[in-house]
S.K.: 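This is the structure I have questions about; it appears just below.
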Amino acid sequence: MLRIPCPHCGLRDEIEFRYRGDATRARPAAGAGLPAYTAYVFDRDNPLGWHVEWWLHVAGCRRLLKVVRHTATHEIAAVLAPQDPLRLPPQEGS
Amino acid sequence: MSETPTPPAPMAPPERASSGRYSLGRLLYEGLTGQRGWTRAWAKPEPRARYRVVIVGGGGHGLATAYYLATHFGVRDVAVLERGPIGLGNVGRNTTIVRSNYFLPENIAFYEFSLKLWEGLEQALNFNAMVSQRGALNLFHTEAQRDLLTRRANQMRLLGVDNEALSPGDVKSLVPLVDLDNGRFPVLGGFLQRRGGTVRHDAVAWGYARGASAAGVDIIEHCEVTGMRREGGRVTGVETRRGFVGADCVCLAVAGHSSRLAAMADVTLPIETHVLQAFVSEAVKPLIDVVVTYGAGHFYVSQSDKGGLVFGGTIDGYNTYGQRGTLPVAEEVAASAVTLLPALARLRVLRQWGGVMDMTMDGSPIISQLPPAGLVMNGGWCYGGFKAIPAGGFTTAHLIARGEPHPLAAHLSLARFAAGRTMDEHGIGPFPYAH
Amino acid sequence: MPGPRRIGGGLLTSGGEPVNFRFDGRAFQGLAGDTLASALLACGVRVLGRSFKYHRPRGALTCGPEEPCALVDVISGDAREPNRPATTLALHEGLVAESQNRRPSLRFDLLAVNDLLGRFLPAGFYYKTFMSPAWAWERLYEPLIRRAAGLGRLAARVDEHGTPAETVHDHCDVLVVGAGAAGLSAAARLGAGGLRVLLAEADTVLGGGTLLSERWDPWREERVASLAGFATLRVLPRTTVLGAYGHGVYGLLERLAEPQRERFGGLTERLRIVRTRRVLLATGALERPVAFPGNDRPGVMLAGAALAYLRRYGVAVGERPAFFVNSDEAYESAFALHAAGVRCAALVDVRRTSPAAERARALGIPVHAGCVIARVFGRGGVRAVTVAARDGGRHVRVAADALLVSGGFTPVTALATQLGARLAWRGAIAAFVSELTGAAGATAGAARGVFGLAAAAGDGARAAALVAAQLGVTLPPDVSPAPPQDAAQGPLEALWEVPGRGKAFVDLQNDVTADDVRLARREGYEHLEHMKRYTTHGMATDQGKSGGLLGAAVLAAARDVPIEEVGQLRPRPYYEPVPFAALAGPEVRGHYRPKRRLPLHEWHESAGATFINAGLWLRPLVYGGAGWEPVLAEARAVRVGVGLTDVSSLGKIDVQGRGAAAFLDFVYANTFSTLPVGRARYGIMLREDGMLFDDGTTSRLAPEHFLITTTTANAAAVLEHLEFHREAHARHLEVAFTDVGDQWAQFALAGPRSREVASAVVTEPDLSNGAFPFMAAAAATIAGVSGRLFRISFSGELAYELAVPARQARSVWAALLAAGESCGLRPYGLDALNTLRIEKGHVTAAELNGNTSARDLGFERMLKKDGDFIGRALSERPALLGPGRLQLVGVRPVDRTRRLRNGMQLVVRAAPTTSLGYVTSCTPSVQLEGWVGLALLADGRSRLGTRVLGSSLIHGELEELEIVSPHFIDPENQRVRS
Amino acid sequence: MSAPEAIASGVRLARVELEVREWIAFDEPSLRRYASGAGIELAAPQRLHVAADCVTLSIRPARWLLLRAGGTTGAADSPVPSAVGACVELSSSLAAFLLSGPGAREVLARGCRLDLDTRVFPAGSAAATLMAQVAVTLGALAGGFLLLTPASTARHFEEWLTATARPFGVRAAGTLTFQELSGDRSL
Ligand SMILES: Cc1cc2nc3c(=O)[nH]c(=O)nc-3n(C[C@H](O)[C@H](O)[C@H](O)COP(=O)(O)OP(=O)(O)OC[C@H]3O[C@@H](n4cnc5c(N)ncnc54)[C@H](O)[C@@H]3O)c2cc1C
Ligand SMILES: NC(=O)c1ccc[n+]([C@@H]2O[C@H](COP(=O)([O-])OP(=O)(O)OC[C@H]3O[C@@H](n4cnc5c(N)ncnc54)[C@H](O)[C@@H]3O)[C@@H](O)[C@H]2O)c1
Ligand SMILES: Cc1cc2nc3c(=O)[nH]c(=O)nc-3n(C[C@H](O)[C@H](O)[C@H](O)COP(=O)(O)O)c2cc1C
Ligand SMILES: [Zn+2]
């Protein structure tokens, strides 16, 4: 079970949060065209390794968090605010 | 979309299996001679330098694709490369439910084709996979659910696929342990597909492997694919832990690892990898005779022939490659179980595990040519690809051998996302973690 | 003292009262403190069950929860709880237990014929036969197999209160698992450091292996007593750690002691979810058997188990036991039994020499060094054994009534492996260890191969210091008494199998033999996980705790590879099988999901409402009576007079801030920035893939203040959607959302006479059509309560929605009813509401089904021409604009006496199997004759005026339908503006 | 042998009558100034502040719940200037309970996943979390736990709490007024 250290509420069980998926894909500008939007909405890197993802703390502060989590070990390297710049740990292997 | 076709017959009967035919007579003979005569169910050859077709992934779909290529499409120069032992991926860890009760007519036809193939599989493979058409029951608890399932059943019946509506009383007599009232979401009825049921999961992998091996396919275990070689925009083979293996066509059948393999050819897929968990209880004498799916929470259950209740719930809901079980899902699944079947309260759960699945953005699979020439994929099976193994293997073999999609799988192309032809059974949208 | 084999006091039974119980219908007596197994063994009962496949008689192999064989059904009234290990089942007065998997009786079991036919039933035989004819599987073979398989029989007594259950959440700095020498010393050290410690021990008593040695009694008692002195340390006896779940989370199963059960309403086990910073695994090691022919006969038992029966319960499991061992540790049993006056028939040691053998000889125990057990006599219980020299030659038959076996000790590594620790082979103990390192915690004692009690105690202290240091705590000096010294031990000699004729078992519960393992290998199932699945080795209720490694070793020998290459079976939760009830916790049945109740729930109840589940809400469906008649009467009241309905479950979101209008333009497909203050507008939201997500009216209460209403079903999802998109994509906009769904009760007052009623209760604003037109929204005083008034209509009639704080709902509702009495005002439920909206052609969840676009439902004119909004780009994908889309239409049976059904498929006669769409909502009409419905139909708008067939094959119905506009009443929208 | 874990007994469950508003800061320093001008002390993050006429709770960044006696008006009622922030009336939206007595922590441990140990969650702490599947805002007072929960699931929550507290000898303690809460000056 994940325990996510919310910067506002402290360490909380995963059931308090709502997952919102990959946080690395930037929403294309209006008018960027279909291919850009198709890639944005559907394509995912889906890495085995560090993954940057959105979690909304619905049962706590209701803030949106950007969590850097390892998809195999589930280790959490960082929990950031949406506007924070990313510091991604190095992906091991290829 | 019209009625589903009947399964085709093999081009030529498979070559005599190297492991010999399995039969009662042989069992008796071996019993008298100390079981000395049994040999490997599938050969364990060294990889050759090149094959016409290399299939990556020795799970259900990879092995079935190889089997049908060799037995139905005359393509025998085939290798299946599996990073570990075959059959320990999702095919070896699922809740074994087979059925064809889907919403979208294209999907019904595809899964019905699969069900028809299941129905003759053991005889074709000469391997008892315990295809058990014990019936798959979906319960409903609200009128809105009833309406949706009515729509589904009517759609299935239009296509000639069996499905019938059950009253609460019918449900009770089929599954006496069900608490129709259950205090919160009473059972208002059910829909039963009698031809649905379960299949012994491991036997599916082993049976297809044995059949494919006998037909000339090389099944190469402990041979992880680590890279993809391309020349002039065309995939020409794969790098493996045991060296390079060339191929005219590389087919990915790696389930939860589809994104990683596709990335080796610079393809990004509309897929996220999520864990689905399953559980088994202690073995007890017969309790539940059909597959039961609860409609007010995440829980479905059947009883294995060994006596354990095999059951599961929903995905954890966040990307993961960890094949682990978690507590919140266990709590939710058990709470659903005790609510629907309160008699289970004192039965003990024995084991909990997980499998990593390729969840697509619309919840339907992908059987498709990928952008680089020479690369094909069978994947995106989400949590429902076990039942699809025969049809997935057959239609993928068709795509490889004929160079064009099988009509029953044409709707599963990768292009559907950009085109706006997504196959979203439940209308959930591009949120794989919510499918 | 009851039972001929009871020869002494026993740690747990001394001073115990006699306890009466029944096993297989026979009355017995044991002592308080006994388990079922110890009591039966004391009475000389050796056969406790039948095996899974061959139905061989079996006794107890162990004295603990790892028991593979002695499983029983526990019976109370008409309830049966299956597969309870007799070895841990606490005896209580009146206990009734039955052996399992035998028919008709334990003594005579028909299916024991399987044992004779065993040669024809090797591992995996069922994959090779029963294939034809295809129909015979379900009808013949499978039912037979199912009946033969399975162990115990579950029968439940289900009463309305259900099975009590409880989940407790715990937090600590260090979870210490196991209270043996290592765990006890570790916990005490950590407690002394002031850390928050939870010490979990599966056993009913603390001490682990120290319980087996009298010499250790003082040390153990002192340590256990010392634990009570630490304010931050809690001890959980009878508590098994079930699994490690990552992030410091562990699942524990606590069995309540008898006196606690009553207080908790009959609760027997509770689930504990522990969150800890570190774990200290002191889970010890388990003794393992050896494979030799007849190693499953009743009376064959692990040597340590025999010692445990003696020490814990004062029971000698045999009068003349023989031993078969490969290490000095195992001699402890022989010494203890000898000291208790039990004569040892033979002590067979595979090793040629060892210090312990010398000591045994000195005591007069007949030691057969360099020998093995070649054969066991006695089907229903050991009578004699054959001792054979390892180098061949000499064979002697020795009479014995028990055979106590030790093949060495296997460290318990399950939790460490789940935490990702690597397995390492240790030749000296012939076992894998897996040591936890790093941030998760540490392993101590026998669990990491440190055998010997004093060594384990010392190792516990070492691990405690390590973990404390990781947590930044330096432990005070250790002032605990020194433990007794360990005796010098000779080396163990690995011994897995004694070849010979006859079945030599590696998994005693699933009846897997060493030959089965070799057969699996020959057939290519040579990977351990393949062998496991092919033979079912390690898949029984004990999960191979005692025999798992044995099977792996036999496989390694067959493959002729070192065992390191084969490995050990993958351990998964649950370390001990856990009842569904305990996992489920209390939120089951009536409490499975919270019930959301409307502010007027009690009023609806008293008015005779039938409630339905709408998500978590309980909503009134209709007031009084079944069938369509009361529904249509309610709906008719709205069409001709006035009706009142409770729509409080609609989602309501308060939106404020300078960026509110701009943000709404971004999340809605239509425009809200142009909405004047005091007006409401119908809005549609799309998902980013261009499909419809939700709809509802949104009102502008002030320039920077809006109120969104959502559908009941999507209330939470819409709020999350807003919050997510604001923070992810629109942080530049100042806007705040607050869920006010529960704050406001909301009522729809609808019908041509609604203004009359409204005017009687609304003192402000002026309700004249000019002053308060269709789609007006304003603060209002309603029956003296300050609330909000909206002129919106779902029914298609002149209507108002009145919102008041939920606490005032009762009084306002009553005032409305009173005001409406003269107009014949009628409360109406969800069904009537549905009838009204279908007639009007308004959509709900049935049409907003996640696969429909704005264009499909006829909303294309609402889509903004300019500006970005969520879903814009992908709503223009080619197939969504092209032909063939399912579009919203109305349908009516041509024969007005025929009915429609939700989920009816639409086809044409020329292509009767091709679905063109389906009916989404339907109702008998109050306005028109017969049934009306909404449907999604391929290119539906171009088919208006044509006919299709409505096909509900599951009902055997095929109806001719006309395709009409979905707006059955007032398509010009006159009434709502009247 | 170690004695079975001694479980503290004795809990009281009362409903509390409160008026509730939420203040939202668009400009936090200004809102703070505005509040102190109105004589209201806004609690620090994850804390609760008790004053005679108004209890404030902070569980969301830039937001405060203001609790005061039922039927009264005061500074907490004044509309927040829109340049500074916003306010939302929630009195009907939330039901309030006070769970007190030596067994209160044990009872809450049967549904609350947070660590409520006094060293971790001392009086004056506040948190939003889930219990029995519903949202609960939790405040630790010296005399017990204040529990705020959505009105529509308040009955479900109360039933759950009562059933859970039964083995601990729960006593229903009627309805408390705000004064009885804010009289808790021991913070
Ligand atoms: C718990 C659970 C329950 C389920 N229940 C059902 C159900 O009841 N009914 C149903 O229809 N479906 C069910 N499913 C889904 C179904 O199991 C899967 O969709 C299906 O098995 C996937 O196809 P597969 O068998 O080919 O996959 P897998 O068996 O996972 O095969 C993929 C193979 O690829 C190999 N591989 C991966 N990477 C590489 C590489 N780099 N090189 C070489 N090989 C590689 C893997 O080792 C694996 O063996 C369930 C799944 C799970 C996890
Ligand atoms: N040469 C030897 O004498 C020899 C050899 C092997 C093992 N041993 C044993 O090794 C022990 C060394 O002491 P130790 O403290 O390391 O081990 P231990 O066996 O004494 O204690 C381990 C304890 O952990 C408990 N436990 C195991 N898994 C658990 C779980 N999941 N949840 C809760 N409790 C669990 C067990 O019930 C047991 O009481 C001695 O007791 C000795 O008998 C001795
Ligand atoms: C249908 C089915 C039935 C199973 N029955 C049992 C069982 O009776 N006993 C058991 O220990 N495991 C059983 N398992 C679980 C397997 O032991 C194993 O956990 C699972 O296949 C996943 O593999 P893994 O745990 O090695 O990752 C079963 C699995 C499946 C899919
Ligand atoms: Zn938070």
Side-chain angles (χ1 to χ4, degrees), chain B residues 1-3 22 24 27 31 35 38 40-41 85 88 105 122 128 132-133 142 147 150-151 153-155 157-158 165 182-185 202-203 282-286 305-307 326-327 330 334-335 337-339 342-353 419-421 424 427-430, chain C residues 81-83 119-120 122 125 127-131 138 142 145-146 149-154 156 158 162-163 245 251 519 522-524 527 529-530 533 541 572-573 577-581 583-584 587-590 592 613 687 689 849-851 877-880 902-903 905 913 915 918 952-954:
Chain B
M1 188 65 43
S2 64
E3 282 170 55
Y22 291 163
L24 180 61
L27 262 178
Q35 316 286 352
W38 303 111
R40 278 182 171 163
L88 295 182
E122 296 156 305
N128 187 352
S132 170
Q133 293 184 287
T142 65
D147 295 348
T150 301
R151 176 184 135 203
N154 279 331
Q155 174 67 77
R157 294 280 288 271
L158 276 187
N182 75 65
R184 187 63 185 92
F185 299 109
D202 293 325
E282 292 187 351
V284 284
K285 296 292 175 195
D305 288 341
K306 190 164 168 280
T326 62
L327 267 182
V338 171
T339 300
L344 299 188
R346 300 304 308 161
L347 182 64
R348 283 167 203 257
V349 187
L350 180 61
R351 194 169 165 102
Q352 169 186 22
W353 65 93
R421 291 189 207 284
D424 192 342
I428 287 166
Chain C
E81 195 169 329
N83 305 350
R119 56 166 51 191
F120 303 113
F125 76 92
Y127 296 122
K128 297 170 178 162
T129 181
F130 305 138
M131 279 171 277
E138 288 85 350
E142 187 171 57
I145 290 177
R146 285 189 67 200
L151 286 167
R153 205 147 57 72
L154 177 79
V158 179
T163 308
Y245 289 96
L519 173 65
R522 279 204 298 286
E523 295 196 74
H527 189 275
E529 295 290 340
H530 276 167
R533 287 157 175 77
T541 59
R572 292 274 190 190
V578 51
F580 270 96
L583 264 189
E587 282 149 31
V588 296
R589 307 181 73 195
Y592 174 65
N613 287 307
R687 298 188 308 231
D689 69 345
N849 66 13
N851 276 322
R877 281 180 289 168
L880 299 184
N902 296 335
Q905 294 288 334
T913 64
S915 166
Y918 47 86
S952 190
L953 288 174
I954 61 160

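In what follows, chains are A, B, ... by sequence order, proteins preceding strands, each numbered from 1.
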S.K.: Between B/Arg40 and C/Glu523, does the side chain to side chain contact (heavy atoms under 4.5 Å, CB included) criterion hold? Intermediate values first, please.
M.R.: CA-CA 4 Å; B/Arg40 278 182 171 163; C/Glu523 295 196 74; over 6 Å; no

S.K.: About how many Å separate CG of C/Asn83 and CG of B/Leu350, when rounded to the nearest 0.5 Å?
M.R.: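 Answer for the CG-CG pair, B/Leu350 versus C/Asn83, is 9.5 Å.
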
S.K.: When you measure from the side chain of C/Arg522 to the backbone of B/Gln35, do you find a donor-acceptor pair of N or O atoms at a distance under 3.5 Å?
M.R.: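 Between the backbone of B/Gln35 and the side chain of C/Arg522 there is a qualifying donor-acceptor contact (under 3.5 Å).
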
S.K.: Under the 3.5 angstrom rule, does the side chain of B/Lys306 hit a backbone N or O of C/Ala149 as a donor-acceptor pair?
M.R.: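 A pair under 3.5 Å: no.
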
S.K.: For the backbone of C/Glu142 and the side chain of B/Asp305, can you confirm whether one donor and one acceptor N or O come within less than 3.5 Å of each other?
M.R.: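 No; judged by distance alone, with no hydrogens or angles, the pair does not exist.
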
S.K.: Is a side-chain N or O of B/Asp424 found less than 3.5 angstrom from the main chain of C/Asn851, in a donor-acceptor match?
M.R.: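 No, the answer is negative, given that no donor and acceptor are paired below the 3.5 Å cut-off.
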
S.K.: Could you check whether any side-chain N or O of B/Gln352 sits under 3.5 Å from a backbone N or O of C/Pro573, counting only pairs where one atom can act as donor and the other as acceptor?
M.R.: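 Side chain of B/Gln352 to backbone of C/Pro573, a donor-acceptor pair under 3.5 Å: no, none is there.
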
S.K.: At what distance, to the nearest 0.5 angstrom, does CG of B/Asn182 lie from CZ of C/Arg589?
M.R.: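 One finds 8.0 Å between CG of B/Asn182 and CZ of C/Arg589.
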
S.K.: Counting heavy-atom pairs closer than 4.5 Å to chain B, which one of C/Phe120, C/Tyr592, C/Tyr245 comes out on top?
M.R.: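 Winner by heavy-atom pair count: C/Tyr592.
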
S.K.: For the residue pair B/Val284 and C/Leu151, establish whether any side-chain heavy-atom pair is separated by less than 4.5 Å.
M.R.: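 No, their side chains stay 4.5 Å or more apart.
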
S.K.: Would you compute the distance between atom CZ of C/Phe130 and atom CG of B/Leu27 and round it to the nearest 0.5 angstrom?
M.R.: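 The CZ atom of C/Phe130 sits 8.5 Å away from the CG atom of B/Leu27.
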
S.K.: Non-hydrogen atoms of chain C under 4.5 Å away: do they reach the side chain of B/Ala41, the backbone, both or neither?
M.R.: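 When you check distances to chain C, atoms from both the backbone and side chain of B/Ala41 fall under 4.5 Å.
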
S.K.: Side chains of B/Thr142 and C/Asn613: any donor to acceptor distance under 3.5 Å?
M.R.: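 Not at all, the side chains of C/Asn613 and B/Thr142 share no donor-acceptor pair under 3.5 Å.
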
S.K.: Let me confirm one number: the OG1-CG distance from B/Thr150 to C/Leu953, rounded to the nearest 0.5 Å.
M.R.: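 The CG atom of C/Leu953 is 12.0 Å from OG1 of B/Thr150, to the nearest 0.5 Å.
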
S.K.: Heavy atoms only, distances under 4.5 angstrom: which of C/Arg572, C/Arg119, C/His527, C/Arg687 has the most pairs with chain B? Name it, please.
M.R.: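 Option with the greatest count: C/Arg572.
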
S.K.: Quick check for you: among B/Gly307, B/Ala153, B/Gly183, which has the greatest number of heavy-atom pairs under 4.5 Å with chain C?
M.R.: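 The candidate making the most pairs under 4.5 Å is B/Gly183.
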
S.K.: If the threshold is 4.0 Å, N to carboxylate O, is there a salt bridge linking C/Glu81 and B/Arg346?
M.R.: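 Yes, C/Glu81 and B/Arg346 are salt-bridged.
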
S.K.: Can you tell me how far CZ of B/Arg348 sits from CG of C/Leu154, rounded to the nearest 0.5 angstrom?
M.R.: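 Between atom CG of C/Leu154 and atom CZ of B/Arg348 there are 11.0 Å.
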
S.K.: OH of C/Tyr918 to CG of B/Asp147: how many Å apart, nearest 0.5 Å?
M.R.: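 Here the interatomic distance stands at 12.0 Å.
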
S.K.: Among C/Pro878, C/Pro577, C/Ala581, which has the most heavy-atom pairs under 4.5 Å with chain B?
M.R.: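 Winner by heavy-atom pair count: C/Pro577.
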
S.K.: Among the options C/Lys128, C/Arg877, C/Arg533, pick out the one with the most heavy-atom pairs lying under 4.5 Å from chain B.
M.R.: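 Among C/Lys128, C/Arg877, C/Arg533, the one with the most close pairs to chain B is C/Lys128.
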
S.K.: Between B/Asn128 (side chain) and C/Met131 (backbone), is there a donor-acceptor pair under 3.5 Å?
M.R.: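 No.
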
S.K.: Please check this pair: side chain of B/Asn154 against backbone of C/Gly903, looking for a donor-acceptor N/O pair closer than 3.5 Å.
M.R.: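 Here the side-chain-to-backbone pair exists.
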
S.K.: Name the option with the most non-hydrogen atom pairs under 4.5 Å to chain C; the candidates are B/Val349, B/Val338, B/Thr326.
M.R.: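 Maximum pair count with chain C is reached by B/Val349.
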
S.K.: Side chain, backbone, both or neither: which part of B/Ile428 has an atom under 4.5 Å from a heavy atom of chain C?
M.R.: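 Interface part for B/Ile428: backbone (N, CA, C, O).
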
S.K.: Please check if any side-chain donor atom of B/Glu122 sits under 3.5 Å from a side-chain acceptor atom of C/Tyr127, or the reverse.
M.R.: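 Judged by distance alone, the side chains do not pair up.
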
